[in-house]
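All remarks here apply to the structure that follows.
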Amino acid sequence: MMYFDAELEKRAAEAEEIIKKYLPKEEGLHKTIFKAMNYSVNAGGKRIRPILMMETYRTMGGTDMELVAPFMAAIEMIHTYSLIHDDLPALDNDDFRRGKPTSHKMFGEAMAVLAGDGLQSYAYELAAKKLSSVTNQGDPEMVRRVVRAMRILTEKPGVNGMIGGQTVDVELTGKPVDEKVLQFIFELKTGAMIEASMMIGACLAGADRDQIHDVEHVAYCIGMAFQIRDDILDVISSIDKLGKDTQSDAKNEKTTWVTLYGMDQAMEDVDKYSEFAFYGLKKLGVENVEDTFLYALVKWLIARDH
Ligand code: FPP
Ligand code: MG
């Protein structure tokens with residue numbers, strides 16, 4: 001797509017505005033928690049998950065931005081909470097994220113733990129509020145969609161999703177990890193959030209069970225390609241480009257796709273998973289899917305250098 005950069009900028013600005021709109025006000029005796037929450041969300045980030053959600057929603061026929069907006073903010077809050085906790089001294093112990101000092105560097109460790117907790121529960125408040133308002137409007141089909149979206153929003157970041165993957169990741173840091181286990185970690189710690197984003201978009205647009213299942217598979221392939229690319233970037237990129245410390249995996253003695261398979265194979269595997277993702281997208285039954293922004297977005301995501 002010729003105008004991809006401009007289109008991406010437009011979408012990013014749209015997502016940014018929505019995320020900002022749902023941030024809590026920094027007031028009350030407990031305002032420090034809001035400051036810490038907002039600091040990390042406002043630190044930037046590519047907003048990939050909300051953009052993927054919005055574009056999947058639109059590509060599958062969704063038109064009511066009010067419906068998807070709180071879920072876009074919620075997924076970015078959950079993602080941001082996971083980054084705050086991942087950077088803590090007890091986990092990866094990183095000082096920079098999104099080009100800024102990490103939460104625990106700014107607010108201290110205790111407050112960083114709370115800011116992560118706060119973002120997580122606030123995300124569910126937003127979703128539950130939407131469920132209340134849709135229930136009051138009384139359209140049972142819309143209530144069903146929002147309930148399903150909420151279920152995805154609880155399951156995918158949860159113990160059988162992102163947190164589950166992170167558990168194995170933490171437990172095995174510094175220990176030998178084989179191919180099956182690394183695949184499991186990637187699928188859960190990164191894949192699950194990409195899956196949640198796209199599945200919620202599809203579900204709110206009215207996709208049926210089979211379509212949501214197909215979207216889940218596409219998102220899984222994107223997640224794998226995205227995380228393998230993340231491992232590659234940790235080796236070949238720089239803090240200027242990524243906004244976070246590189247060589248972090250080596251520092252933490254982590255098995256990555258690159259240490260396990262070598263750089264050449266890792267690059268090939270990114271291509272392989274991308275091909276699966278494109279194949280899956282074409283199978284979704286969306287007319288001219290290759291011309292959609294979603295398709296171009298997936299292409300860009302997988303080849304990203306930051
Ligand atoms: C970078 O996303 C993040 C990942 C590739 C996912 C890594 C997974 C975790 C950190 C899970 C941690 C979980 C817990 C419970 C601590 P990105 O490149 O989209 O970052 P950005 O939003 O800053 O652009
Ligand atoms: Mg980590």
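Predicted model only: the values in this text are computed from it and were never measured. Order of listing sets the numbers, starting from 1, for every ligand and every atom in it.
- Ligand 1 has a nitrogen or oxygen under 3.5 angstrom from a nitrogen or oxygen of H79.
- Among T190, D230, L83, the residue whose heavy atom lies closest to atom 3 (C) of ligand 1 is L83.
- Taking every non-hydrogen atom of Y81 and a distance limit under 4.0 Å, the qualifying atoms of ligand 1 come out as 15 (C).
- For the salt bridge (Lys or Arg N to Asp or Glu O under 4.0 Å) with E14, the lone residue among K20, K21, R47, R58 that qualifies is R58.
- Look at E195 and K156 and you find a salt bridge, because one of the NZ, NE, NH1 or NH2 atoms lies within 4.0 Å of a carboxylate O, short of that distance.
- By the criterion of a heavy-atom distance under 4.0 Å, the side chain of Q227, and not its backbone, is placed next to ligand 1.
- For the 3.5 Å distance criterion, the side chains of Q166 and D86 qualify, holding a donor opposite an acceptor.
- Using a non-hydrogen distance threshold of 4.0 Å, R47 does not register as a contact of ligand 1.
- Classified by interplanar angle (parallel below 30°, tilted 30° to 60°, perpendicular above 60°), the ring pair F276/Y273 is perpendicular.
- At under 3.5 Å, a nitrogen or oxygen of K46, whether backbone or side chain, sits near a nitrogen or oxygen of ligand 1.
- Annotation for ligand 1: atoms under 4.0 Å from non-hydrogen atoms of R98 are 21 (P), 22 (O), 23 (O).
- For the residue pair D234 / Q247, no side-chain donor-acceptor distance below 3.5 Å is found, with atom types taken as modelled.
- When atom types are taken as modelled, the side chain of R49 and the backbone of K46 share no donor-acceptor pair closer than 3.5 angstrom.
- If you look at F4 and F293, their ring centroids are closer than 6.0 Å.
- Listed by number with element, the atoms of ligand 1 under 4.0 Å from a non-hydrogen atom of G45 are 21 (P), 22 (O), 23 (O), 24 (O).
- The shortest N or O to N or O distance between Q166 and ligand 1 is not under 3.5 Å.
- Considering backbone and side-chain atoms together, D86 places no N or O closer than 3.5 Å to any N or O of ligand 1.
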